[in-house]
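None of these values were measured; they are calculated from a predicted model.
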Amino acid sequence: MGEINHFEYGWITPALSYALSVLGSALGLVCAGRIRTATGAGQRAWWGLLAAWALGGTAIWAMHFMAMLGFAVSGTRIRYDVPLTAASTVIAVGAVGIGLAIVGTGRLTAVRLLAGGFFTGAGVAAMHYTGMAAMRLDGTLGYDPLRVTLSVVVALVAATVALWLAMTVRRGLAIIASALVMGIAVNGMHFTGMSALSVHLHESRAGATGTEVSGLLVPIVLAVVFGVVGLVYALLAAPSDDDRAGAAYVAARLDGVPATAEAEPAPDPVGLRATRAVPEQPAPDPVGLRARSTLAQPGAQFPSRRKSDPRS
């Protein structure tokens with residue numbers, strides 16, 4: 001039996017793995033929140049892809065690899081199979097994407113949540129044990145069935161809770177608190193599965209084939225860094241709810257300007273209308289009241305019936 005050490009470099013690897021899981025969970029929750037406010041299928045697919053990469057690629061897979069940097073077995077060197085390592089990444093991102101697609105389309109119900117949590121949790125467990133199968137060493141890996149089952153149960157519960165948080169959490173403090181909880185769940189699943197592992201060393205040391213950790217560390221770190229930067233840029237560049245509301249308000253005001261401008265007369269700053277020489281037209285007199293009414297004219301005599309009577 002080979003002696004297993006999960007913390008060869010002390011607490012730096014578990015601390016970094018927890019920090020990666022919290023960072024990926026926070027970015028994934030924010031991206032998942034944009035799925036609910038997306039206006040079209042294309043936007044929902046875009047934010048779903050980003051959320052799947054943040055949760056599956058950063059919070060789960062990158063956390064797993066960072067924790068594996070501190071894994072060592074006495075008496076043998078550890079190498080990794082590159083195709084299987086890449087396949088574990090695809091499994092993690094794809095499982096989270098399927099879960100988000102199930103819970104993110106239509107109204108969130110218990111059936112959708114359980115189905116999404118099952119697919120996502122099963123994918124997370126498959127990612128973990130695929131990554132373990134990618135290890136190459138002078139020995140044979142063995143697993144305790146009870147602890148393996150426990151790790152799968154933890155993965156299912158953690159995935160279901162993560163999807164529920166992704167669809168319900170919206171506030172900043174709630175997102176941070178949820179990311180901290182999700183980081184504990186992801187790391188708990190990983191180290192529960194690692195506790196089920198045992199290594200039986202071979203008597204003849206033929207030497208393991210594959211790539212050492214140092215050969216994978218630089219490209220994986222670069223992928224994580226560029227992935228996180230891309231996620232942050234996408235979140236900062238995308239319009240928020242306040243931006244969309246402001247744009248809608250401005251558009252509504254601009255739509256009402258032409259009608260108002262036609263209804264109101266143009267301004268007359270120098271009083272041209274008052275000085276324009278236009279003859280005044282008298283008001284119409286349909287019944288001849290102006291000819292009959294002489295009382296309002298100055299110098300007019302009061303009418304007398306004696307002068308107007310022909311018999312006098």
Side-chain angles (χ1 to χ4, degrees), residues 16-66 86 88-106 108 116 119-120 123-124 127 158-159 161-183 185-186 217-251:
L16 289 176
S17 65
Y18 178 72
L20 278 176
S21 61
V22 171
L23 177 61
S25 298
L27 292 174
L29 290 175
V30 176
C31 292
R34 299 297 179 91
I35 299 176
R36 298 189 297 266
T37 60
T39 57
Q43 290 186 4
R44 286 192 294 270
W46 169 250
W47 288 115
L49 178 62
L50 293 182
W53 173 255
L55 291 172
T58 303
I60 297 173
W61 185 85
M63 168 268 150
H64 167 84
F65 187 83
M66 184 59 65
S88 65
T89 309
V90 176
I91 292 173
V93 176
V96 176
I98 292 174
L100 289 173
I102 293 175
V103 301
T105 55
L108 182 62
F119 280 100
T120 303
V124 171
M127 180 279 306
V161 174
L163 292 177
W164 179 76
L165 292 173
M167 292 295 106
T168 56
V169 173
R170 298 184 181 182
R171 301 295 181 181
L173 291 178
I175 290 177
I176 295 175
S178 301
L180 294 174
V181 174
M182 290 172 63
V186 172
L217 182 60
V218 174
I220 289 176
V221 169
L222 290 178
V224 171
V225 170
F226 283 110
V228 170
V229 171
L231 289 169
V232 173
Y233 176 78
L235 289 171
L236 294 177
S240 62
D241 295 339
D242 295 337
D243 296 334
R244 284 190 290 267
Y249 174 76
V250 172

*Asks:* Applying side chain to side chain donor-acceptor pair (under 3.5 Å) as the test, list every pair that has at least one member in residues 88-99; sequence neighbours left out.
*Replies:* Trp61-Ser88, Trp61-Thr89
*Asks:* Suppose we screen for ring-ring contact (aromatic ring centres under 6.0 Å, His included). Which residues come up paired with Tyr18, at least two apart in sequence or across chains?
*Replies:* none
*Asks:* Which pair of heavy atoms, one from Ser17 and one from Met66, lies closest together, and at what distance?
*Replies:* N-CG, 3.7 Å
*Asks:* Return the minimal non-hydrogen interatomic distance between Leu55 and Gly28, and the atom names on each side.
*Replies:* CG-CA, 3.9 Å
*Asks:* Of all residues at least two apart in sequence or in a different chain, which pass the side-chain hydrogen bond (donor to acceptor under 3.5 Å, both in side chains) check with Ser178?
*Replies:* none
*Asks:* Please give me the minimum heavy-atom distance between Ile35 and Arg44, naming the atom from each residue.
*Replies:* O-CG, 3.7 Å
*Asks:* Which pair of heavy atoms, one from Ser25 and one from Gly183, lies closest together, and at what distance?
*Replies:* OG-N, 4.4 Å
*Asks:* With sequence neighbours left out, write down each residue that passes ring-ring contact (aromatic ring centres under 6.0 Å, His included) with Trp53, or none if nothing qualifies.
*Replies:* none
*Asks:* Say you draw a straight line from CD1 of Ile102 to CG of Leu163; how long is it, rounded to the nearest 0.5 Å?
*Replies:* 8.5 Å
*Asks:* What's the spacing between Leu23 CG and Leu16 CG if we round to 0.5 Å?
*Replies:* 12.0 Å
*Asks:* To the nearest 0.5 angstrom, please state how far the CG atom of Leu180 sits from the CD1 atom of Ile175.
*Replies:* 12.0 Å
*Asks:* Of all heavy-atom pairs between Ala26 and Ala179, which one has the smallest distance, and what is that distance?
*Replies:* N-CB, 3.7 Å
*Asks:* With sequence neighbours left out, what residues match Val161 under side chain to side chain contact (heavy atoms under 4.5 Å, CB included)?
*Replies:* Val157, Leu165
*Asks:* Taking side-chain hydrogen bond (donor to acceptor under 3.5 Å, both in side chains) as the definition, give me every residue that meets it alongside Ser21, ordered by chain and number, with sequence neighbours left out.
*Replies:* Asn187
*Asks:* Under the rule for side chain to side chain contact (heavy atoms under 4.5 Å, CB included), what residues qualify as partners of Val181, not counting sequence neighbours?
*Replies:* none
*Asks:* How close do Leu235 and Arg34 get, counting heavy atoms only, and between which atoms?
*Replies:* O-NH2, 3.7 Å
*Asks:* Side chain to side chain contact (heavy atoms under 4.5 Å, CB included) with Leu50: which residues, sequence neighbours excluded?
*Replies:* Cys31, Trp46, Trp47, Leu231, Ala234
*Asks:* Return the set of residues passing side chain to side chain contact (heavy atoms under 4.5 Å, CB included) with Ala95 (not counting sequence neighbours), or none when no residue passes.
*Replies:* none
